[in-house]
Amino acid sequence: MKQKQVQKMMLVGIDSLNGKFVRWLMKDGSLPNLSKIFPEGILTDSYSTLPCATSVNWTTIATGARAGTHGITGMSIHEPGESFDCKHPGFDSSRCKAEYLWQAGERAGKRSILLKYTNSWPPTIKKGIQVEGMGDPDTNIHQLAPPHSFTTQDRTWRPAHFYSTAPESVPPIKKINLQPGPNWEGDFFTHQPPLESELIITTRAGREKKYYLLVTAEKSKGYDTIFISAEKDIGPAEKIIVGQWSNWIWDTFPVEEGQLRGSFRWRLTELSPDASKLTLYTGMVFPEKGWTVPEEIGPELVGKFGPYQEISGMLQPYHSGIIDYQVIIEEFGYQVDWMIKAGDYLLKNKPWDLFFTQWHGVDHLAHMILGIFDPASSLYDPKEARKAEDCMRKVYSMADSLIGHFYDLKDEETLFVLTSDHGHVPIDKFVYTNNYLVKKNLCSFIQDQKTGLPRPDWSRTRAVAQHGPYIFINLKGREPHGIVDPEDYEKTRDEVIRVLKGLKDPETGEYVMSLVLKKEDAGFLGLQGDYVGDIVYFTQPRYTDEVSVDITEDLRVISRPVFKGPYPDFRGDGKEPIRPYSGTHHSHLPAYDLGLSSVKALSFFSGPGLKKNVKMDKAINLIDIAPTCAHFMGFPIPAQAEGRVLQELLKV
């Protein structure tokens, strides 16, 4: 049967959406749009390419190529010849060696709109429109300053590690001291002596922007109100009470290029009546322009729908107890609302043939709270489970609204694709791979004089784990501090593989690793090239290597995160706790199921000539999406695509 002609294509991506959890939520009507949409097309589970990471798989979805082919092999990338301490972001499209679907479309005269599609910046389109598109959940190349937290209390935070490429010159939490005797212009009333402090926002360049804080007792005998201004003047100051955001603030900020104009807002998350506890949070300071193609589109959208706000960098304040579920919901809700309005405007008023968008909120939240309400996790807490589950439901509802809105904009000649890049499973135990390598005399450490934390001693380290999940051999002639002679390379790799395969959980006797391979043996998984580690490994579902790069003084190898106080204790040292990740996917194979969730991705197709009300029994691969879309649109598939055209989607 001849396929009906597809004239346009819409690809809506939701990071970490997985079918197992979606079907669980749909049972009680929590996802009305998906419940309406799914009978109108084909629903299928999907296997990520390895590793099951955000940067890797949004690139795979857009190119049809596996990691070793497109070159985005992890959340961060180690360049041979550079120190292992030097990490490059895996969210840089200029590193991609494969043709994107929108580039293949351009060769056929098609015009694209990219609305915050991850791993698409710097832009590779020559015609069309692009709105942002870096997608790093930890930082953003456009930000003038990352999210900031100010508090009167002593707070600890997890130092930038894992795959982080955020500027370490910007501390995520700053302690402030309130002092009496302010000298502010303008009239204000307070029942208690007014208090003041300075608030220093540090930009991505490590430069400072100063604001002033005034604390008053306006409505009661206890402190209840704050004012924030760039000058000690009540007139232009933002007045805020607990639980409120300020208005959007537009100001100039010192960065490498000079003074750039950007916007942000304050939120007062805590203020005790005696002012001993005060906590302020700011979202990212985002510029007015420079993040769209053409450039004038940015100010046009901001003028119509308000400031654009990225949600990257939220894990750090959450880990440290600075923000709670409500702040997360508010930040995510603002971005979803903005994306819906901006996408609606662009699709109705600008020419397009292909539309791409992606939202990251579900993934952020699953990392934060999945294990708190999933009984399969050692972080499960019956007292917190209902609140965490309600928060997850609200964020999934946001994703449902975004999907439903764009689905309603398609016509009968439009191919609609909904997909995720991977799923999520709850965390049960952490695996400190580098600690294990230290214990096996493959790695050594010294105390970092700057941070006071242990770090690898390259003069005595033969192998080191890097987030990927990869282990690199510290090879002479390749690495700047290499100590392993080339003739000992294979012997060293054999030793690493042997000890990794032998790692057992002392509590259960279970082997921790599910797969350990030499690099050249991982080629059949699509893992090859200079950016893949000398050894590739994946853990069993109940174990995660999110802490693989850490070295701790106690050299723990396997540990359970535990609760102390109101938050889980990441370190287990009895000091002020830091929340750990409670959901994960990076170190797992793509078919794992555990608890309420799965690492499998979810994909859905609807359009002219396609089957309806079908749930496929066999999972597809994410590499199949780009060639399928190109074929149905009638133009050549992307040049390096390794997937197949999903002919089984067509009506017979």
Side-chain angles (χ1 to χ4, degrees), residues 55 72 75-79 81-83 85-96 114 116 118-125 130-150 157 159-174 198-211 230-231 248-266 281-302 307-317 450-451:
S55 56
I72 307 297
M75 300 291 276
S76 63
I77 294 173
H78 167 62
E79 289 270 10
E82 292 184 346
S83 170
D85 296 321
C86 181
K87 292 178 285 187
H88 299 274
F91 293 84
D92 183 348
S93 67
S94 66
R95 289 184 168 274
C96 180
L114 280 70
K116 206 194 81 62
T118 290
N119 278 73
S120 64
W121 197 276
T124 57
I125 59 170
Q130 179 162 351
V131 178
E132 220 277 300
M134 183 191 179
D136 189 332
D138 192 57
T139 187
N140 188 280
I141 194 172
H142 304 290
Q143 67 187 20
L144 302 184
H148 274 59
S149 302
F150 301 89
W157 64 86
H161 61 313
F162 298 166
Y163 53 82
S164 174
T165 53
E168 295 185 5
S169 60
V170 183
I173 301 174
K174 297 182 178 181
E198 292 183 352
L199 305 171
I200 305 296
I201 291 180
T202 306
T203 71
R204 68 181 187 218
R207 298 166 190 169
E208 296 182 345
K209 179 75 175 183
K210 183 184 296 185
Y211 290 89
E231 301 176 357
W248 285 100
I249 296 166
W250 286 95
D251 210 337
T252 56
F253 295 84
V255 292
E256 301 93 331
E257 305 95 310
Q259 295 283 336
L260 294 184
R261 189 168 182 258
S263 60
F264 73 103
R265 54 182 180 167
W266 303 93
Y281 167 77
T282 78
M284 181 183 295
V285 181
F286 210 78
E288 179 182 24
K289 58 184 180 180
W291 41 276
T292 63
V293 174
E295 187 172 276
E296 60 267 22
I297 287 290
E300 180 181 350
L301 295 175
V302 169
Y308 174 75
Q309 183 70 183
E310 255 299 343
I311 57 175
S312 55
M314 290 186 65
L315 291 176
Q316 193 68 269
K450 182 179 178 181
T451 66

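Start at 1 with the first residue, then count along the sequence. Note that this is a predicted model, so its numbers are computed, not measured.
Panel note: side chain S55, backbone F91; no donor-acceptor pair is recorded below 3.5 Å. At distances below 3.5 Å, at least one donor-acceptor pair connects side-chain atoms of Q130 with backbone N or O atoms of S120. At distances below 3.5 Å, not a single donor-acceptor pair connects side-chain atoms of H142 with backbone N or O atoms of F286. The main-chain N or O of T252 is found under 3.5 Å from a side-chain atom of K209 such that the two form a donor-acceptor pair. Of the possible polar contacts, none joining the E300 side chain to the V302 backbone as a donor-acceptor pair under 3.5 Å is found. Judged by distance alone, with hydrogens and angles left aside, the side-chain atoms of T203 form a donor-acceptor pair with the main-chain N or O of P254 at under 3.5 Å. For the pair S93 (side chain) and P122 (backbone), a donor-acceptor distance under 3.5 Å is present. Although no hydrogens or angles enter the test, the distance criterion places a donor-acceptor pair under 3.5 Å between the side chain of N119 and the main chain of G90.
Closest non-hydrogen pair, I297 versus V131, comes out as CG2-CG2, 4.4 Å. Across all their heavy atoms, I72 and I77 have their closest contact at CA-CD1, 4.3 Å. Scanning all heavy atoms of the two residues, the minimum distance from F264 to G283 falls at CB-O, 4.3 Å. When all heavy atoms of E132 and M134 are compared, the closest pair comes out as OE2-N, 3.2 Å. For the residue pair I200 and H148, the shortest heavy atom distance occurs at O-CD2, 3.8 Å. Counting all heavy atoms, side chain and backbone alike, E310 lies closest to N140 at CG-ND2, 3.5 Å.
Separation of atoms CG (D92) and CD1 (I141) is listed at 6.5 Å; rounding is to 0.5 Å. Interatomic distance, CH2 of W266 versus CD1 of I201, reported as 4.0 Å (0.5 Å rounding). One finds the CG atom of L114 at 7.5 Å from the OG1 atom of T124 (value rounded to the nearest 0.5 Å). Within the model, atoms NZ of K289 and CD of E295 stand 5.5 Å from one another, a figure rounded to the nearest 0.5 Å.
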Run the side-chain hydrogen bond (donor to acceptor under 3.5 Å, both in side chains) test on H88 and E82 for me, step by step, so that the C-alpha distance in whole Å, both residues' side-chain angles and the decisive distance to 0.1 Å come before the verdict. CA-CA 10 Å; H88 299 274; E82 292 184 346; 2.6 Å; yes
With side-chain contact (heavy atoms from CB on, under 4.5 Å) as the criterion, how do Y281 and M314 come out once you've worked through the C-alpha distance, each side chain's angles and the decisive distance to 0.1 Å? CA-CA 10 Å; Y281 167 77; M314 290 186 65; 3.9 Å; yes
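Within the 4.5 Å cutoff, the side chain of F253 has no heavy atoms near those of the Q143 side chain.
Within 6.0 Å of atom CD1 in I249, more than 12 heavy atoms from other residues, nucleotides or ligands are found, so the atom counts as buried in its surroundings.
We find that R204 and E257 are joined by a salt bridge, their nearest charged nitrogen and carboxylate oxygen being less than 4.0 Å apart. Ion pairing between R95 and E79 holds under the 4.0 Å rule for side-chain N and carboxylate O.
Of the candidates P146, S263, P147, P147 is the only one forming a side chain to side chain contact (heavy atoms under 4.5 Å, CB included) with M284.
Y211 has its ring centre no less than 6.0 Å from the ring centre of F150.
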